[in-house]
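Beneath this line is the structure, given in structure tokens, with notes to follow.
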Number of protein chains: 2
Amino acid sequence: MTRKVQARTLATRDRLLAAGRELWAEGGASGLRTDEVVLRAGTAKGTFFAHFPDRDHFLATLLAEQLTARVAALPVPADRADLQAVLAAIFTAFAEEADTVALLARFSGPAGAGLGLDLMICAAIERLAQGLAAMQPRGLVANRAEPAVLAEALMALVFHAAASAQCPLHGDRAAVRARAEALLQAMTAALLGG
Amino acid sequence: MTRKVQARTLATRDRLLAAGRELWAEGGASGLRTDEVVLRAGTAKGTFFAHFPDRDHFLATLLAEQLTARVAALPVPADRADLQAVLAAIFTAFAEEADTVALLARFSGPAGAGLGLDLMICAAIERLAQGLAAMQPRGLVANRAEPAVLAEALMALVFHAAASAQCPLHGDRAAVRARAEALLQAMTAALLGG
DNA sequence: GCGATAAACTGACCGTGGTCAATAATAAAA
DNA sequence: TTTTATTATTGACCACGGTCAGTTTATCGC
């Protein structure tokens, strides 16, 4: 017999996530300690792991929140310039932290079911596919493949570019990032023509 | 004044890597403990971290060995069937373990300079590009973009498919893998025609 | 050969992610 | 309300990656 979930359960979870949001903002994902999270949330450490299987699932949940909001704010691209801007925005979001790329690689697929990252990816693909479907009859896209497939391929290219933009500390971050963006643009052109 | 590197240094490094290879074969990357590595190698723990900045760099070095060998064994694809086979082989190698995907995401770019993963990726791209360059004039590839760019995009698609093939334990691995392979094939067709 | 100096190695120690048997709080049954 | 069953929480504890001051071993100039 399953009982209804207690109100305090959700409250505890929210306190943990709120503390996580604060700490992420203060020191990034890599600087987020579970000890600090439970301290701020006012719970015991065991409670944290009763709510989240491990630290990475917790981080992935927070990341899903952020990225979902950012993706929701993106327009459906109406032309190639729009499209490039949208892809650049997603690239920027993905490449922001090294942890972001790692978390996406691990949890954007079936392994992250229920965390929200997969839904966020789907939402982004959906948005791109809508734009592509409208652009194809106008001849703005050379490739006549299924919009959904093209959109998924575009996301793969963005992700690859974001991964290749990760650089060691003290490296020339700006240069590496610029190269990654150029790479993304070249691959996009190869896929869609133009 | 820099002195020449001592022979024992290389010997120690080799012993560590040999122990790592054994343990990887026995229990996979996720089951590899640094304590066990140094025990088998007959060194102190500090020695391990004098040779490798952290556990992940050690794993990436081992992974680079494996993947480089597997990539070197691949043929230059002569037609579309060949190409699909080569991509499937790379996909299989990438998707073998969840750690593989994570390590590639982190160390295949500038962050992994000197570990060999980046060179392995370059070698794979080079091989694909050679095949594509020969296939384009024969009309076997619809897309006329630069072979090098196409090859890099293909690697991005393979990586994306491998990442999306990661599934939670006790999930239906075969089904998830099959879906990922179908996805890869669809994206490849979208990029190259056919 | 013999110091002097740099490189390699050591292992006790620490920080932090993660566990689990015990306890408290809540919802359902009596 | 009181009792019972289930869920939520606790915090001492452990495992393991990573550090560093100190020691040993090699290479160099003489």
Side-chain angles (χ1 to χ4, degrees), chain A residues 1-20 23-24 26-63 98-99 102-103 106-107 111 115 168-169, chain B residues 1-20 23-24 26-63 98-99 102-103 106-107 111 115 168-169:
Chain A
M1 176 68 81
T2 64
R3 298 181 168 186
K4 77 174 183 184
V5 359
Q6 302 176 14
R8 66 167 175 163
T9 304
L10 299 176
T12 302
R13 185 188 155 90
D14 282 349
R15 287 210 314 280
L16 288 167
L17 287 171
L23 289 165
W24 187 313
E26 289 171 21
S30 60
L32 186 149
R33 307 277 147 247
T34 57
D35 282 340
E36 193 74 21
V37 172
V38 298
L39 187 70
R40 291 213 190 180
T43 74
K45 204 168 186 177
T47 303
F48 180 97
F49 289 99
H51 283 262
F52 304 94
D54 57 33
R55 177 176 176 274
D56 276 1
H57 277 76
F58 181 69
L59 291 179
T61 304
L62 290 172
L63 181 64
D99 299 86
L103 289 170
R106 205 171 141 198
F107 294 116
L115 297 180
L169 260 52
Chain B
M1 176 68 82
T2 63
R3 299 182 169 182
K4 77 174 181 184
V5 11
Q6 302 177 15
R8 66 169 175 162
T9 304
L10 300 176
T12 302
R13 186 188 155 89
D14 283 348
R15 287 211 313 282
L16 288 168
L17 288 172
L23 289 165
W24 187 312
E26 289 171 22
S30 61
L32 186 149
R33 308 276 147 249
T34 56
D35 282 338
E36 193 73 21
V37 172
V38 298
L39 187 67
R40 290 213 189 180
T43 73
K45 204 166 187 177
T47 303
F48 180 97
F49 291 99
H51 283 264
F52 303 93
D54 57 33
R55 178 176 175 274
D56 276 2
H57 277 76
F58 181 70
L59 290 178
T61 304
L62 290 173
L63 181 63
D99 299 86
L103 289 169
R106 204 171 141 197
F107 294 117
L115 297 180
L169 259 52

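Quick caveat, the model's predicted, so the values are computed rather than measured. Sequence lines set the chain letters: A, B, ... in the order given, protein chains first and strands last, and positions in each chain run from 1.
If you look at B:F58 and B:H51, their ring centroids are not closer than 6.0 Å.
Closest to the side chain of B:T43, from the set D:dT27, C:dT10, D:dC16, is C:dT10. Distances from the side chain of B:R8 to the nucleotides D:dG17, D:dA26, C:dT26 place D:dA26 closest. The B:T34 side chain lies nearest to D:dG17 when the options are D:dG17, C:dT10, D:dC28. Of the candidates D:dA8, C:dG18, D:dT27, the closest approach to any side-chain atom of A:Q6 belongs to D:dA8.
The two residues A:A19 and A:R40 make their nearest non-hydrogen contact at CB-CB, 3.7 Å. The shortest non-hydrogen separation linking A:A60 to A:L115 is CB-CD1, 3.9 Å. Of all heavy-atom pairs between A:W24 and A:L59, the closest is CZ3-O, 3.5 Å. Counting all heavy atoms, side chain and backbone alike, B:T34 lies closest to B:F49 at CG2-CZ, 4.3 Å. Counting all heavy atoms, side chain and backbone alike, B:D99 lies closest to B:S30 at OD1-CB, 3.6 Å. In terms of heavy atoms, B:T47 sits closest to B:L16 at O-CD1, 4.5 Å.
Straight-line distance from the CZ atom of A:R33 to the P atom of D:dG18: 12 Å, rounded to whole Å. The distance from atom CG of B:D35 to atom C1' of C:dT10 is 14 Å, rounded to the nearest whole Å. As rounded to whole Å, 12 Å separates atom P of C:dG17 from atom CG of A:D99. In this structure, NZ of B:K4 is placed 6 Å from P of D:dC28, rounded to the nearest angstrom.
The side-chain contact (heavy atoms from CB on, under 4.5 Å) test with A:F48 singles out one residue from A:T12, A:V37, A:D54, A:D35, and that residue is A:V37.
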*asked:* One pair to check against side-chain contact (heavy atoms from CB on, under 4.5 Å): A:V5 and A:R13. What are the steps and the verdict?
replied: CA-CA 12 Å; A:V5 359; A:R13 185 188 155 90; over 6 Å; no
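Using a 4.0 Å cut-off on heavy atoms, none of the residues of residues 10-18 of chain B approach DNA chain D. For the segment residues 48-59 of chain A, residues with any heavy atom less than 4.0 angstrom from an atom of DNA chain D are, sorted by number, A:A50, A:H51.
Here A:T47 lies in heavy-atom contact (under 4.0 Å) with a base.
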All N/O pairs under 3.5 Å across the protein-nucleotides 1-5 of chain C interface:
unit_1: C:dT5; atom_1: O2; unit_2: B:R3; atom_2: NH1; d: 3.3
unit_1: C:dT5; atom_1: O2; unit_2: B:R3; atom_2: NH2; d: 2.8

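Taken from NE2 in A:H57 to CG in A:L103, the straight-line distance is 10.5 Å, to the nearest 0.5 Å.
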